[in-house]
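Reading through the structure tokens given below for one structure.
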Amino acid sequence: MNGLRDNISDTLVLTKRSFLRIPRAPDLLLSFTVQPIMFVLLFVYVFGGAIVTPGYAYVDFLMPGIIVQTMAFGGFVTALGLAEDLKKGLVDRFRSLPMSRSAVLSGRTLADVGTNLISLAIMIAVGLLAGFSFDASATHVAAGIGLMLLFGYAFSWVFAFIGLSSSSPEASQSIGFILIFPLTFVSSAFVPVDSMPTALQAFANVNPITTTVDALRALFLDAPAGNAIWGAVAWSLGIAAAFATLSVARYKRAVTR
Amino acid sequence: MAGDAAIEASGLRKSYGDVRALDGIDLRAATGTVLGLLGPNGAGKTTAVRILTTLLRPDGGSARVAGFDVEREAAALRRRIGLAGQYAAVDENLTGAENLEMVGRLYHLPRGEPRRRAAELLERFDLADAADRLVRTYSGGMRRRLDLAAALVARPPILFLDEPTAGLDPRSRINLWETIEGRVAAGTTVLLTTQYLDEADRLADRIAVIDRGRMIAEGSSDELKDQVGGERLDVTLEDRTQVDAAAAALEPLASERPAIVLDGALRVPVSRRQGVIAEAVRRLDEAGVGIADVAMHRPTLDDVFLTLTGRAAEQSDGEEGDAEEEG
């Protein structure tokens with residue numbers, strides 16, 4: 001009947017719920033604002049002198065990497081929130097309501113796009129103050145921002161799956177860190193891949209984070225793109241589709257433990 | 001099929017690994033009545049509620065709620081039920097009003113109705129003053145009331161209440177009971193789970209006693225109490241040699257022969273409560289029997305369990321995790 005309209009309306013109701021939470025839980029707000037600033041400053045000023053990045057000032061090399069890492073972690077709120085909803089019985093309530101089976105998840109992942117946009121704006125501002133400069137047209141910069149929001153959205157679905165699969169909110173956070181830190185570190189985000197041992201290089205070269213960072217360097221710094229841009233879009237769409245399917249299937253069977 | 005059963009389940013089975021949470025349960029609640037599911041932690045009460053509210057699929061058996069099959073017609077069924085439980089499933093980072101409006105929108109109530117309904121329910125549940133406060137500042141009793149209000153937002157004809165008063169203080173319990181009674185008077189069918197006989201006694205028209213996934217008794221509260229043996233008067237004497245005199249003196253009060261238990265104590269089954277203690281004391285005094293202690297004993301869940309299963313209603317390792325936390 002009104003399936004699609006109800007689905008959209010349910011999603012928006014739950015997106016609003018996630019947004020309302022932000023100003024009310026100031027510790028969360030810190031993670032969207034202060035944490036990205038901290039990472040930019042630490043990497044630029046602590047590692048900047050030690051890491052050699054041929055062809056680029058380290059701050060220029062770093063910014064796309066740190067932005068991708070921040071976007072990859074942006075969805076942790078979804079994992080945390082879903083794990084809390086499970087623990088507190090809210091998932092039972094939502095599942096007993098005549099609402100869309102995916103809205104609880106899509107509401108949260110959509111809200112993450114908003115908070116990722118905030119983090120992104122803050123990081124770019126801090127980066128510019130620390131000496132970063134774009135070497136690209138406004139269209140490319142805008143495309144880069146769009147790619148980041150898509151990429152962050154895809155990882156929100158990874159976190160949705162983590163949140164629904166972990167035994168507690170605390171566990172969901174540590175699982176997220178354990179899974180995603182190696183991905184962002186063994187990639188082209190912070191150091192040139194050819195500076196790594198051969199085994200790690202092999203991993204870094206197939207790592208979607210590397211593809212995405214290379215795509216963002218192409219869009220922000222006019223670096224050679226190869227297939228990185230379309231590769232990054234394909235990875236994001238694939239990750240989003242796979243984890244959305246897995247998460248919705250899991251949600252349909254989820255009950256408070 | 002009898003058309004007036006709001007809830008009808010037969011042969012429900014559900015296992016978690018080796019644990020049989022439900023081992024073939026039949027339930028029936030006529031429209032406008034309260035069915036109480038009584039049993040200890042881990043008995044299978046929550047599992048039954050979860051199957052009937054479409055949260056879990058049964059391994060076997062079938063159930064209909066409001067005429068809809070829990071497996072094949074889940075979406076239509078969900079429009080006709082409200083669920084409130086032991087967890088107080090409300091969002092701590094929203095206000096009371098925001099919580100109820102959210103639920104109203106998710107039931108797809110007509111435009112404007114969620115807000116109106118939220119205000120109305122907050123008023124009725126004595127939460128109007130706290131309407132715009134974040135729920136994390138609410139007391140346990142307030143959260144429970146809000147949770148119950150959330151279950152009522154869409155005026156569902158069938159309500160599922162999973163241990164609605166576990167962990168509440170006595171005053172909040174009584175308030176909640178009155179609210180539930182009000183809903184029932186307005187025609188709502190209620191399935192209520194509880195560990196407390198007094199709660200089932202007060203609210204339920206029919207009580208199903210479950211233990212280890214099986215129904216071990218079913219009936220009205222009076223019928224169950226008859227099985228347990230009703231109320232009794234426990235008397236402890238100052239002088240144990242007077243037990244026979246005491247038994248003779250109390251004989252006229254007893255519904256069955258007074259039983260002499262060890263150490264100069266008597267158990268006197270009685271069929272009424274009013275005035276029994278005063279009369280017993282007077283009769284014993286007239287017979288010159290000294291009393292150390294006298295007390296009425298009412299049947300408890302433990303008594304029901306002792307009588308029906310031959311063992312005490314101890315917590316059976318809580319394999320379901322029923323209500324072990326909540327503050």
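Labels below follow one simple rule: chain letters A, B, ... track the order of the sequence lines, proteins then strands, and each chain is numbered from 1.
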For [X], I'd like to know if atom [atom1] has over 12 heavy atoms of other residues, nucleotides or ligands within 6.0 Å.
{"X": "A:R101", "atom1": "CZ", "answer": "yes"}
{"X": "B:D18", "atom1": "CG", "answer": "no"}
{"X": "A:R253", "atom1": "CZ", "answer": "no"}

**Part of residues 9-19 of chain A lying next to chain B, heavy-atom separation under 4.5 Å** = A:D10, A:V13, A:L14, A:K16, A:R17

**Request:** Starting at CZ of A:R24, measure out to OG1 of B:T95 and round the result to the nearest 0.5 Å.
**Result:** 6.0 Å

**Message:** To the closest 0.5 Å, what do you measure between CG (A:L20) and CE (B:M102)?
**Reply:** 10.0 Å

**Prompt:** Any idea which heavy atoms bring B:A89 and A:G89 closest together, and the distance?
**Reply:** CB-O, 3.3 Å

**Message:** Could you check whether any side-chain heavy atom of B:E92 comes within less than 4.5 Å of a side-chain heavy atom of A:K88, counting everything from C-beta outward?
**Reply:**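 Counting from C-beta outward, B:E92 and A:K88 do come under 4.5 Å.
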
Proximal component of [X], with respect to chain A [non-hydrogen, under 4.5 Å]:
{"X": "B:R136", "answer": "side chain"}
{"X": "B:A150", "answer": "both"}
{"X": "B:A154", "answer": "neither"}
{"X": "B:N99", "answer": "neither"}

**Request:** Run the salt-bridge test on B:R50 and A:D92 with the 4.0 Å N-O cut-off and return the result as yes or no.
**Result:**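 Yes.
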
**Main-chain N/O of B:L83 paired with A:R93 side-chain donor or acceptor, under 3.5 Å** = yes

**Item:** Main-chain N/O of A:R95 paired with B:R78 side-chain donor or acceptor, under 3.5 Å
**Value:** yes

**Item:** Option in B:I81, B:V90, B:L77, B:T54 with maximal non-hydrogen atom pairs under 4.5 Å from chain A
**Value:** B:V90

**Request:** May I ask you to name which of B:N93, B:V103, B:L106 has the most heavy-atom pairs under 4.5 Å with chain A?
**Result:**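 Option with the greatest count: B:L106.
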
